[in-house]
2 protein chains.
Amino acid sequence: MAVLAAQHDDFPRWYQDVLTKAKLAENGPARGTIVIRPNGYAVWERMQAEIDARIKAAGAVNAYFPLLIPMSFFEREAEHVEGFSPELAVVTHGGGKELSEPLAIRPTSETVIGEYMAKWIDSYRDLPLLLNQWANAVRWEMRPRIFLRTTEFLWQEGHTAHATQLQAREYARRILREVYEDFMRNVLAIPVIVGRKTVRERFAGAANTMTCEGIMRDGKALQMGTSHELGQRFSRAFSITYTTADGTVENCWTTSWGSSTRMLGGLIMCHGDDHGLVLPPAVAPVQAVVVVVKESDGAVARTASVLVDELVAAGIRTRLDDNASQGFGWRATEWDLQGVPIRIEIGPRDVADNAATLYRRDTREKSTVALDRVADEVRRLTEDIQAQLLAAATARRDDVIAECATLEDVREAGQTGVARVPWELVGEAGEVELAASGLTVRCLQHSNGSLPESDDDAGVLAYIARAY
Amino acid sequence: MAVLAAQHDDFPRWYQDVLTKAKLAENGPARGTIVIRPNGYAVWERMQAEIDARIKAAGAVNAYFPLLIPMSFFEREAEHVEGFSPELAVVTHGGGKELSEPLAIRPTSETVIGEYMAKWIDSYRDLPLLLNQWANAVRWEMRPRIFLRTTEFLWQEGHTAHATQLQAREYARRILREVYEDFMRNVLAIPVIVGRKTVRERFAGAANTMTCEGIMRDGKALQMGTSHELGQRFSRAFSITYTTADGTVENCWTTSWGSSTRMLGGLIMCHGDDHGLVLPPAVAPVQAVVVVVKESDGAVARTASVLVDELVAAGIRTRLDDNASQGFGWRATEWDLQGVPIRIEIGPRDVADNAATLYRRDTREKSTVALDRVADEVRRLTEDIQAQLLAAATARRDDVIAECATLEDVREAGQTGVARVPWELVGEAGEVELAASGLTVRCLQHSNGSLPESDDDAGVLAYIARAY
């Protein structure tokens, strides 16, 4: 009778079942592409709105750059072309003719945006230049997995240019903390581990990559957003220069940073349970559904409809389910599956009692509340559920983190969770060794949670895990 | 000294000058692609928000379908493939290998969405299925022009499936009127002519195409949004069927409809003048700018800053220009160029008088207003400017429409404006003849403005013009 595979039996099948049964997404016709169905896209729209507001608060403005990039652009930065060449989708024909220069579909836009930054930046007065774009990107995936690794994905990619290394560094960190970490903790309720990538895990062409790593319910890590200091590599490759107040010409310092539809996968796998999706109220397209359990001459639907109006007036995103011709059990299972945080159930008896049953998706607890107190109680519940989801995810995350002192410990801990170990005990050689066991260094962090200035900082800890 | 070419001297150069000088957009590196700069993109974001709200009010939900479509999908509908084949961009290589089946970059998504509609629709209970997506699309353009004809463009494309022809027809018309026409008239202040396309001008694969045509300041027409009845062509090609209440299986009736970044070109060319862009307040990212004309020991900036807060509190999108180290004349020219609807100018004398100068971009008139009345006056002005822009554009449109009775009349009127002529005097043969003079039938309409049921309706009028 179970709608979904149980998480502890088969987590990958559970994930696939949730995607299908909650109608979130499915495979597209071309390998690795996906279709994001309305239920999934509505969550993405709320993510976009929250991230976009934070990006604008950080002073960046939106723009749009072309999908198609001349292949020659990639060749200007050696590490970048080496990293991305194997993943490119290439357009060779357009308008019925073979093109004189093939065009790549953007896997990321550092190159084409670099070309325009060089045109737009003249003097120090034009700096910082803080750009962002919402777009699709394509990277050929050998082992595609819906939301987690897809040939085409949707994302925002920010690209900035600064006068000094320090300003670039501070801005890349500001985005990491004030946009990504803040959004993931306070909206997605995912207690991400924020740290620095090792050289091996850096973005192709970056001088420093910083990351937010989410820990999923199966103990695996998911990289959910990254912010890169690009140093002067792209500014040299694309001649992004500025004239100082003294009249000398200098190369800019650039950054880039991105977050994508991959976060949808993280949201599902961090909070979901055996009954389906569990959405934090802050990101739920529908925060509360008022369900007519059973009808008796229209009185229940009338009461339900008044409640919906009250909830909407109270600022709660509310939907009415008055489809009483379908069994209540079937509908309750559906709303569970879709992860709606709060259900308000009303039947003839409730109307007679001037009450309703409130159900919270996270704990699946029910309580009875007087009708005139429902709106207040729902508002209180949205806050409580949001806080509880973060607390529960934090407890699960901390549960799977094991303090390790040897590579052997790390290898064992990494089978089911996350190893935390002094980076000096691992080093680049240990990192290569662990890769053979399917383990990667997710990030480096000081023990107080702050970001290392370099991999060699004293006392730096490494978080090591299997990863999506 | 003029910043821009004068419209009456060289309209195309004026258009290009506005794009460049107001920093709206420029050419991308690959032929026909464009870069939408922050000033242009901010207007597009407001357009998207307004259109999206109307689409949702019409009951459609957003989703996302793949960019890359197998070539074989196009071949299933004969007219569609014939129409789009010459414009396709084709990916032949991915991940370093030649693909076994080439992939087209979507020029439009009827085919791939049809494939999924067929999977998702089972019974009459699943209808209507009302989908929309915000996406980019690529059509190889031989004569690209920024915003008007670009190889890549941004748009929304709606796709719906219905149980009956009548329901599909009504929905296609609802979108045309309640989404497109309403948005274009009431937000963009463009008095579009709404009508039916002739067979020659139909979307490839449509049974009926309906359009909103804007008339630009040079007398040319711009197709700004279209809504198509697709009949059962795509439902037959992709097996989009449903089971009726009686248990029989029927083909669905589908529609599609789209509006794109092309509207940005329409907005510029419908309202712009020799001083630059003129933005209707409803779509202006900045509705009012408070300008410190000259400073005197900080008093002006303090007053300006209080005004900005008041305006923001009054719901006006406001920016502060306190850059008094630059000449006022230069800054005023810049704000004119960018089309900000209202400018509030304050200098030392104004502060002493407790007053400010209000400037409206559309008529370029100035008035003096007491400081404590500025917010009220700005609010009134935003409404007045919005209304006046629509009235002025309507007057210009009506001025260039000439009633014609012969093809010779049409040819002459079409040189500088729009010919309105009984369709029966033109017919398909006349349409071909006029095409040789660069004139096209923009749409057919009844004399009372209503939409013809067919090209053969009695008394139908044709609007004929040069077009972008």
Using only distance, no hydrogens or angles, which N or O donor-acceptor pairs sit under 3.5 Å between chain A and chain B?
unit_1, atom_1, unit_2, atom_2, d
A:Glu26, OE1, B:Trp120, NE1, 2.9
A:Glu26, OE2, B:Lys119, NZ, 2.9
A:Asn27, O, B:Tyr116, OH, 2.6
A:Ile36, N, B:Tyr64, O, 2.8
A:Ile36, O, B:Tyr64, N, 2.9
A:Glu45, OE2, B:Lys56, NZ, 3.0
A:Glu45, OE2, B:Asn62, ND2, 2.7
A:Lys56, NZ, B:Glu45, OE2, 3.0
A:Asn62, ND2, B:Glu45, OE2, 2.7
A:Tyr64, N, B:Ile36, O, 2.9
A:Tyr64, O, B:Ile36, N, 2.8
A:Tyr64, OH, B:Asn136, ND2, 3.4
A:Tyr64, OH, B:Glu152, OE2, 2.4
A:Leu67, N, B:Glu152, OE1, 2.8
A:Leu88, O, B:Gly95, N, 3.1
A:Val90, N, B:His93, O, 2.8
A:Val90, O, B:Thr92, N, 3.2
A:Thr92, N, B:Val90, O, 3.2
A:Thr92, OG1, B:Thr92, OG1, 2.6
A:His93, O, B:Val90, N, 2.8
A:Gly95, N, B:Leu88, O, 3.1
A:Tyr116, OH, B:Asn27, O, 2.6
A:Lys119, NZ, B:Glu26, OE2, 2.9
A:Trp120, NE1, B:Glu26, OE1, 2.9
A:Asn136, OD1, B:Asn136, ND2, 3.0
A:Asn136, ND2, B:Tyr64, OH, 3.3
A:Asn136, ND2, B:Asn136, OD1, 3.0
A:Glu152, OE1, B:Leu67, N, 2.8
A:Glu152, OE2, B:Tyr64, OH, 2.4

Look at B:Leu103, B:Leu154, B:Ile69 and state which one has the largest set of heavy-atom pairs under 4.5 Å with chain A.
B:Leu154
Side chain, backbone, both or neither: which part of B:Pro70 has a non-hydrogen atom closer than 4.5 Å to chain A?
side chain
Should A:Val91 and B:Val90 count as side-chain neighbours, where that means a heavy-atom distance under 4.5 Å?
no
Contacting region of B:Leu99 [heavy-atom separation from chain A under 4.5 Å]:
side chain
Does any part of the side chain of A:Leu279, heavy atoms only, come nearer than 4.5 Å to the side chain of A:Val340, both counted from C-beta?
no
Do you know which two heavy atoms are closest between B:Ile36 and A:Ala63, and how far apart they sit?
O-CB, 3.3 Å
Under a 4.5 Å cut-off applied to non-hydrogen side-chain atoms, are A:Cys252 and A:Leu127 in contact?
yes
Minimum side-chain heavy-atom gap A:Val289-A:Leu320 below 4.5 Å
no
State, to 0.1 Å, how close B:Leu131 and A:Pro38 come at their nearest heavy-atom pair, and which atoms those are.
CD2-CG, 3.7 Å
What residue, out of B:Ala104, B:Gly96, B:Ala89, has the most heavy-atom pairs lying under 4.5 Å from chain A?
B:Ala89
Give the minimum heavy-atom separation between A:Phe147 and A:Ala25, together with the two atoms involved.
CZ-CB, 3.6 Å
What distance do B:Leu277 atom CG and B:Leu267 atom CG have between them, rounded to the nearest 0.5 Å?
6.5 Å
With a 4.5 Å cut-off on heavy-atom pairs, point out which of B:Val61, B:Ile34, B:Val112 contacts chain A the most.
B:Ile34
Please state whether the side chain, the backbone, both or neither of B:Ile113 comes within less than 4.5 Å of a heavy atom of chain A.
neither
Side chain, backbone, both or neither: which part of B:Leu68 has a heavy atom under 4.5 Å from chain A?
both
What's the verdict on side-chain contact (heavy atoms from CB on, under 4.5 Å) for B:Leu67 and A:Val138, showing C-alpha distance, side-chain angles and the deciding distance?
CA-CA 9 Å; B:Leu67 174 77; A:Val138 170; 4.0 Å; yes
Toward chain A, the part of B:Leu88 with a non-hydrogen atom under 4.5 Å
backbone
What closest approach, in Å, do A:Pro29 and B:Pro66 show between heavy atoms, and which atom pair accounts for it?
CD-CG, 4.1 Å
Counting heavy-atom pairs under 4.5 Å with chain B, the top scorer among A:Pro86, A:Gly40, A:Ala42 is A:Pro86
Between A:Ile105 and chain B, with a heavy-atom cut-off of 4.5 Å, which part of the residue counts as in contact: side chain, backbone, both or neither?
side chain
Can you give me the closest heavy-atom contact between A:Phe153 and A:Pro107, atom names plus distance?
CZ-O, 4.2 Å
